[in-house]
Amino acid sequence: MKTVAPEASVKEHRLSLAETIDALVADGLVSAATAEQFKQERRYFRGDTHPLIAIAEQKWKANLPNGGAGILDLDTLTQWLARWAGLDYFHIDPLKVDFSAVTDLLSSAYATRFRVLPVEVKANEVIIATAEPFERAWEDELRPILRKKISRVISNPLDIARYQVEFYNLAKSVKRALGTGDAGAPSSLSNFEQLVELGKGNRTLDANDQHIVHIVDWLWQYAFEQRASDIHIEPRRDLGIVRFRIDGVLHQVYQIPMQVLNAMTSRIKILGRMDVVEKRRPQDGRIKTRTPEGQEVELRLSTLPTAFGEKLVMRIFDPGVLVRATRDLGFSEEDSERWRQMTAQTNGIILVTGPTGSGKTTTLYTTLKTLATPDVNVCTIEDPIEMVEPAFNQVQVQLAVEMGFAEGIRALMRQDPDIIMVGEIRDVATADMAIQAALTGHLVLSSLHTNDAPSAITRLLDLGVPAYLLNSTILCVMAQRLVRTLCPHCKKSSPLDADDEKLWKDLVSPWKAAKPTQLYRPVGCLECRMTGYLGRVGIYEILTLSHEVKQLIGEAADLAKIREQATREGMKPLRISGAMKVAAGLTTIEEVIKVAPPSARKGG
């Protein structure tokens, strides 16, 4: 029988260590002996440390309310406190909190004094997080000021303390950059005309202002922490929007005044050695920085003129992805062995296909990293250079000096290379030079934009490459996609129902694949930010050009026959590769269907 403290009837007080321990004992989460020993050790417990933090440090094992055994960590204890106090538990997800709206409600000093943090503002209600369920004086003070219903929720005390600092510092930087004080009143505008200009968004902010520097630094740190792969800074008519792409899905993070957004863009362009004044044409740049843990990270910058200003996208490249084995990328044992055999060849062309964002760069760089031994000369020609890697000789395409992919390959062939990586085959000239490199004894790796592996053959034929040259040079073509993987901390298995069987049939048809007895489904927990997914993994389709496949390649190549022959020889289509990941409990049918379109399975 679990005890519940009806917080409305309890005398106003701050939560004590003894009270918390006694409640945990009453709920059967802590033994009486352990509690007594802990009380003796903590007789002189510091009152400014929240009791849950002190208890979480002990890492006690307990039988949890969900029926499982686990550690009494801080999040588990916070959820228990919410149930015990009869309040709702609230996990603070900064991606879902409008920091500018919540920080306008309370001053930083007031929030710090009572250890509270507004987390959501509605038309007639304000939700405020606290870790002190029995302190209510602040609620009575705020209600007549805010003139809204106040709903209290229980949140992790460390999260409250952390986001108090982050949210208020960020809001303070935005306001000071705009020339308004912490309370929002103009402090550096000398007359009404200046205020009007500021309201119109015509005031230009200094890109090197300390507040702009702080906002940009915080944005990067937060993106790294949230595992973002891309940061989008997008101008709109009235406000700028910041979005993160996490596991392939875009999340809106913040809305920022346009003046601040423009200054942030200029600050980032300065760091990326880009032309700050030029806003009419797209530009590229790169920045090397470090995460809070000291790990080196590269950002690739790209600007684009839009109707309301410059849109800036920063792609985040983690050098750690290059040390992965192919199995870590999602290769099955069979595909990994086929890929190893193909890349061990001394000459020929290996193509990786897929849309933008399907992981082609990671696959190519990871493969090159394994091939780049001290006795091999690896050269790349890229536009742009995605990641700077000391093991390669990397060349940037420079169209302004007539240095394209074809010219780059021609130059690299005079540099005594063993392996050449071409960023992308876009035209017949590049394809011809890649073929010449392969015919003269070089191993060439490149990418191509097609829906699946067999389509790469017809794409090259459409570009004008003769069929006999394709048969002479291409070793294999690999198509790939990225699917979100289920969070291992919260995924839940269940038997297949009628809808699942229909989806499974749609996924694998017209091929055959053993139907699993159960499927895993996304649930959502704190580890995956309640999405049910954590990270991504690749699904692959490897087409090797056997003698039989080459016979089918001609000026009027039949794509369906090529695909059929390749499947007989062991090629697993993208959807079958995805089905194997579903059966293994790594992802869901819906995820595979979303990224592997029907056109990839039905003959073109």
Side-chain angles (χ1 to χ4, degrees), residues 95 174 177 201-208 212-213 215-220 222-224 226 228-289 297-318 354-362 381-388 396-401 403-405 423-424 426-427 447 449 482:
L95 286 178
V174 170
N202 293 331
R203 181 170 176 263
T204 302
L205 301 181
D206 184 0
N208 293 315
I212 299 298
V213 172
I215 295 169
V216 172
D217 289 346
W218 182 88
L219 180 68
W220 285 342
Y222 188 49
F224 301 152
Q226 294 296 320
S229 61
D230 300 85
I231 306 171
H232 291 239
I233 297 180
E234 304 175 351
R236 295 290 190 266
R237 185 182 298 276
D238 301 314
L239 282 172
I241 293 175
V242 177
R243 298 196 288 175
F244 291 167
R245 187 177 295 279
I246 303 172
D247 293 338
V249 179
L250 275 173
H251 301 264
Q252 182 168 315
V253 184
Y254 295 119
Q255 292 183 344
I256 293 180
M258 278 299 300
Q259 306 97 301
V260 176
L261 193 87
N262 291 334
M264 290 169 60
T265 300
S266 296
R267 167 70 181 168
I268 294 167
K269 288 174 70 175
I270 290 171
L271 294 175
R273 297 181 177 86
M274 301 160 75
D275 187 344
V276 180
V277 177
E278 180 57 73
K279 302 178 186 294
R280 300 166 300 173
R281 62 179 178 85
Q283 295 186 64
D284 294 311
R286 62 191 328 113
I287 297 173
K288 186 173 285 189
T289 183
V297 173
E298 280 200 13
L299 306 174
R300 195 187 76 192
L301 316 179
S302 174
T303 65
L304 181 71
T306 69
F308 302 114
E310 275 190 299
K311 179 179 186 293
L312 174 65
V313 174
M314 292 172 274
R315 174 156 288 186
I316 302 171
F317 288 106
D318 178 5
T356 301
S358 60
K360 299 188 300 296
T361 298
T362 299
I381 174 77
E382 304 171 66
D383 182 26
I385 295 174
E386 302 276 10
M387 287 178 273
V388 177
Q396 168 72 52
V397 165
Q398 301 282 356
L399 296 179
V401 293
M403 172 70 165
F405 280 115
E424 183 183 348
R426 300 174 181 172
D427 49 45
S447 68
H449 286 272
L482 292 178

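The chain is numbered in sequence order, starting from 1.
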Peer 1: Does the side chain of I287 come within less than 4.5 Å of W220's, by heavy atoms?
Peer 2: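 The answer is yes; the side chains approach within 4.5 Å.
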Peer 1: Just how far is it from atom CD of E298 to atom CD1 of I385, taken to the nearest 0.5 Å?
Peer 2: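 Spacing of CD (E298) from CD1 (I385) equals 9.5 Å.
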Peer 1: For a side-chain contact (heavy atoms from CB on, under 4.5 Å) with E310, tell me which candidate from I233, L261, N262, T265 qualifies.
Peer 2: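 Testing each of I233, L261, N262, T265 against E310, the sole residue satisfying side-chain contact (heavy atoms from CB on, under 4.5 Å) is T265.
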Peer 1: Supply the atom-to-atom distance E278 CD to Q283 CD, rounded to the nearest 0.5 angstrom.
Peer 2: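 Reported value, rounded in 0.5 Å steps: 6.0 Å.
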Peer 1: Under the side-chain contact (heavy atoms from CB on, under 4.5 Å) test, which residues partner R426, sequence neighbours left out?
Peer 2: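 In terms of side-chain contact (heavy atoms from CB on, under 4.5 Å), with neighbours along the sequence ignored, R426 is linked to D383, F405, E424.
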Peer 1: Run I215 and R267 through side chain to side chain contact (heavy atoms under 4.5 Å, CB included) and show every step you take.
Peer 2: CA-CA 10 Å; I215 295 169; R267 167 70 181 168; over 6 Å; no
Peer 1: Give, for atom NE2 of H232 and atom CG of L250, the distance between the pair rounded to the nearest 0.5 Å.
Peer 2: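 Separation between the atoms: 5.0 Å.
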Peer 1: Any side-chain heavy-atom pair from R245 and R243 closer than 4.5 angstrom?
Peer 2: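 When only atoms from C-beta onward are counted, R243 and R245 do not touch, as no gap falls below 4.5 Å.
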Peer 1: What's the separation between atom OG1 in T303 and atom CE in M274, rounded to the nearest 0.5 Å?
Peer 2: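 The distance works out to 4.0 Å.
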Peer 1: Check whether any side-chain heavy atom of P305 lies under 4.5 Å from a side-chain heavy atom of R280, and answer yes or no.
Peer 2: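 They are not in contact (no side-chain heavy atoms under 4.5 Å apart), so the answer is no.
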Peer 1: Using the side-chain hydrogen bond (donor to acceptor under 3.5 Å, both in side chains) criterion, which residues pair with Q252? Sequence neighbours excluded.
Peer 2: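 Here no residue qualifies.
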Peer 1: Just jot down the ring pair (Phe, Tyr, Trp, His ring centres under 6.0 Å) partners of F224, sequence neighbours excluded, or say none.
Peer 2: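 Here no residue qualifies.
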Peer 1: How close do M403 and V397 get, heavy atom to heavy atom, and via which atoms?
Peer 2: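 So the minimum-distance heavy-atom pair works out to O-CG1, 3.2 Å.
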Peer 1: Does S447 use its side chain to pair, donor to acceptor, with the backbone of G423 at less than 3.5 Å?
Peer 2: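 Such a contact is found between S447 side chain and G423 backbone.
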Peer 1: Mind checking the CG-CD1 spacing from D275 to I270? Nearest 0.5 Å is all I need.
Peer 2: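 If we round to the nearest 0.5 Å, D275:CG and I270:CD1 are 11.0 Å apart.
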Peer 1: Going through the distances and angles, do K288 and R286 end up as a side chain to side chain contact (heavy atoms under 4.5 Å, CB included)?
Peer 2: CA-CA 7 Å; K288 186 173 285 189; R286 62 191 328 113; over 6 Å; no
Peer 1: Considering all heavy atoms of both residues, which atom of L304 and which atom of P282 are nearest to each other, and what is their separation?
Peer 2: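 Here L304 and P282 meet closest at CD1-CG, 4.2 Å.
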Peer 1: Could you check if a side-chain atom of H449 sits within less than 4.5 angstrom of a side-chain atom of T356, using non-hydrogen atoms only?
Peer 2: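 Touching, per the 4.5 Å side-chain cut-off.
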Peer 1: With a 4.5 Å cut-off on side-chain heavy atoms, are T289 and L271 touching?
Peer 2: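 Not touching, per the 4.5 Å side-chain cut-off.
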Peer 1: Determine the minimum heavy-atom distance between T306 and P235, stating which atoms define it.
Peer 2: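 Minimum heavy-atom separation between T306 and P235: OG1-CG, 3.6 Å.
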Peer 1: Please give me the minimum heavy-atom distance between G354 and K360, naming the atom from each residue.
Peer 2: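 In this case the closest contact between G354 and K360 is O-NZ, 3.0 Å.
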Peer 1: What is the minimum heavy-atom distance between G357 and L482, and which atoms define it?
Peer 2: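 The answer is O-CD1, 3.7 Å.
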Peer 1: Please check if the number of heavy atoms outside R273 that lie under 6.0 Å from its CZ is greater than 12.
Peer 2: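 Incorrect, the count does not exceed 12.
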Peer 1: Give, for atom CD1 of I241 and atom CZ of R236, the distance between the pair rounded to the nearest 0.5 Å.
Peer 2: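 So the gap between those two atoms works out to 4.5 Å.
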Peer 1: Only one of Q255, M258, E234 clears side-chain contact (heavy atoms from CB on, under 4.5 Å) with L239; which?
Peer 2: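 Among Q255, M258, E234, the one that satisfies the side-chain contact (heavy atoms from CB on, under 4.5 Å) with L239 is Q255.
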Peer 1: For a quick test of reading the model, state the closest non-hydrogen atom pair linking A223 to I231 and the distance between them.
Peer 2: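 Reported closest heavy-atom pair: CB-CD1, 3.5 Å.
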Peer 1: Does the pair D284 and S302 meet the rule for a side chain to side chain contact (heavy atoms under 4.5 Å, CB included), with working shown?
Peer 2: CA-CA 5 Å; D284 294 311; S302 174; 3.7 Å; yes
